Asks: 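Below is a structure I'd like to ask you about.
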Amino acid sequence: SRRNFRAKLQQIRAIAADDAVAGVRLVVEGIPGLAKSIDLLAELSALKSAGKTVVCYTETLDRNSLLFCSLADQLIVPPSGMIVLEGMLAELMYYKDLLDSLDLSVEVLHVGAYKTAYENFALNEMSPGQREVIEILLDEYFTQLIGTVAEQRGMSEDEVLAFFDQLLVSPADAAAGGLIDAAVYEDEFDDVMDVLFGADH
């Protein structure tokens, strides 16, 4: 829920200010939306700026979770894990046929090709103007995503793009290319935790 997510962001903020905490372990559950991933990235960036170590062991990594997981000091996916890096997409629903079947219609007056409010009630498909605007926005988001991941992983943007071109990336290949730090199982990750935080972490 939104309330739980806000509480988690506040918890990260509190940890950043707590001198007794050396670092955090990210646990990725489910598929976060892009907006949540951006919020997490901001809070985790502040956490790292406060001198905290961030580690992440995750069974699955997708485009959105990579956005914030890529800043981890140790990002590890097991050899049996899944990395799926799809491009950006937008899904819009159009209701004209549904309204027609109910003998309803919506009159929408647009002034200009890029005035597309409520067109989903009056059309069966996206107008050229709406498509152009959405494509520009998706390109902008994707460019920012690639740039952010590249910077955080110490890679070139072309190297990051090459992984997205694969779509399905094996953890071994991701580790070899620097997208993640290692493709090992959780017991080996726990050994890394012992080194970073001590045996009593």
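Nothing fancy with the numbering, it's 1 onward along the sequence. Remember, it's a predicted structure, so these values are computed and weren't measured experimentally.
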Asks: Tell me whether L26 is reachable from M82 by hopping between hydrophobic residues (I, L, V, M, F, W, Y) whose side-chain heavy atoms are closer than 4.5 Å.
Replies: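 Per the 4.5 Å side-chain linkage, M82 and L26 are not co-clustered.
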Asks: Would you check if C56 and I76 make a side-chain contact, meaning some heavy-atom pair closer than 4.5 Å?
Replies: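 Not in contact.
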Asks: If the threshold is 4.0 Å, N to carboxylate O, is there a salt bridge linking E186 and R25?
Replies: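 Salt bridge present between E186 and R25.
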Asks: What pairs with D39 under salt bridge (charged side-chain N to carboxylate O under 4.0 Å, His left out), at least two apart in sequence or on another chain?
Replies: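 Partners of D39 under the salt bridge (charged side-chain N to carboxylate O under 4.0 Å, His left out) test: none.
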Asks: For D73, enumerate each residue passing the salt bridge (charged side-chain N to carboxylate O under 4.0 Å, His left out) test, keeping only those at least two apart in sequence or located in another chain.
Replies: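 Partners of D73 by the salt bridge (charged side-chain N to carboxylate O under 4.0 Å, His left out) criterion, ordered by chain and then number, come out as K48.
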Asks: Ignoring hydrogens and angles, write down the donor-acceptor pairs under 3.5 Å from the side chains of residues 163-180, residues two or more places apart or on other chains.
Replies:
from : atom 1 : to   : atom 2 : distance (Å)
S170 : OG     : D173 : N      : 3.0
S170 : OG     : D173 : OD2    : 3.2

Asks: Looking only at non-hydrogen atoms, find the nearest pair between S80 and Y185 and report the distance.
Replies: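 That closest heavy-atom pairing would be OG-CE2, 3.5 Å.
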Asks: Is the CD atom of E151 crowded by more than 12 outside heavy atoms at less than 6.0 Å?
Replies: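 Result for CD/E151: open.
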Asks: Roughly how far apart are I15 CD1 and R13 CZ, rounded to 0.5 Å?
Replies: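 These two atoms lie 12.5 Å from each other.
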Asks: To check you understand the geometry: which heavy-atom pair defines the closest contact between V192 and Q74, and what is its length?
Replies: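 Nearest heavy atoms, V192 then Q74: CG1-CG, 3.9 Å.
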Asks: Examine distances only and state if a side-chain atom of E159 and a backbone atom of G154 form a donor-acceptor pair shorter than 3.5 Å.
Replies: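 No, E159 side chain to G154 backbone: no donor-acceptor pair under 3.5 Å.
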Asks: Can a donor-acceptor pair be found, under 3.5 Å and without considering hydrogens, that links the side chain of E43 to the backbone of L40?
Replies: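 No.
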Asks: Got a second to check how far L161's CG is from I146's CD1, nearest 0.5 Å?
Replies: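 Rounded to the nearest 0.5 Å, the CG-CD1 separation comes out at 4.5 Å.
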Asks: Check P32 against N64 and note the closest heavy-atom contact, atom names and distance.
Replies: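 Smallest heavy-atom distance, with atoms named: O-ND2, 2.9 Å.
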Asks: Is there a path from L41 to F5 through hydrophobic residues (I, L, V, M, F, W, Y) whose side chains come within less than 4.5 Å of each other?
Replies: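 Same cluster: L41 reaches F5 through Ile, Leu, Val, Met, Phe, Trp or Tyr contacts under 4.5 Å.
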Asks: Examine distances only and state if a side-chain atom of S65 and a backbone atom of L61 form a donor-acceptor pair shorter than 3.5 Å.
Replies: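 Checking the backbone N and O of L61 against the side chain of S65, no donor-acceptor pair under 3.5 Å is found.
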Asks: Here's a test for you: under side chain to side chain contact (heavy atoms under 4.5 Å, CB included), which of V195, D187, D194 qualifies with D191?
Replies: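 In the set V195, D187, D194, the residue that makes a side chain to side chain contact (heavy atoms under 4.5 Å, CB included) with D191 is D194.
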Asks: Please report the shortest heavy-atom distance between A16 and K52, naming the atom on each side.
Replies: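 Minimum heavy-atom contact is O-CE, 3.6 Å.
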Asks: Given side chains that start at C-beta, do those of Y57 and P78 come closer than 4.5 Å, heavy atoms only?
Replies: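 In short, these two side chains touch, coming nearer than 4.5 Å.
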Asks: Roughly how far, to the nearest 0.5 Å, is CD of Q152 from OG of S45?
Replies: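 Here the interatomic distance stands at 5.5 Å.
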Asks: Quick one: are L66 and I83 in side-chain contact, heavy atoms under 4.5 Å?
Replies: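 In short, these two side chains do not touch, never coming nearer than 4.5 Å.
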Asks: Measure the shortest side-chain to side-chain distance between V55 and F197 over non-hydrogen atoms and say whether it is less than 4.5 angstrom.
Replies: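 Counting from C-beta outward, V55 and F197 do come under 4.5 Å.
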Asks: With a 4.5 Å heavy-atom cut-off, do L71 and R153 have their side chains touching?
Replies: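 A side-chain contact is absent here, since even the closest heavy-atom pair is not under 4.5 Å.
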Asks: How long is the gap from CG on L9 to NZ on K36, to the nearest 0.5 Å?
Replies: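 Rounded to the nearest 0.5 Å, the CG-NZ separation comes to 9.5 Å.
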Asks: Please tell me whether I38 and L85 are part of a single hydrophobic cluster in this structure, the criterion being side-chain heavy atoms less than 4.5 Å apart.
Replies: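 In one cluster: yes.
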Asks: Are Y141 and V84 grouped together when hydrophobic residues (ILVMFWY) are joined by side-chain heavy atoms under 4.5 angstrom apart?
Replies: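 In one cluster with Y141: V84, no.
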Asks: Evaluate side chain to side chain contact (heavy atoms under 4.5 Å, CB included) for D181 paired with F189, printing each intermediate quantity in order.
Replies: CA-CA 11 Å; D181 290 291; F189 174 71; over 6 Å; no
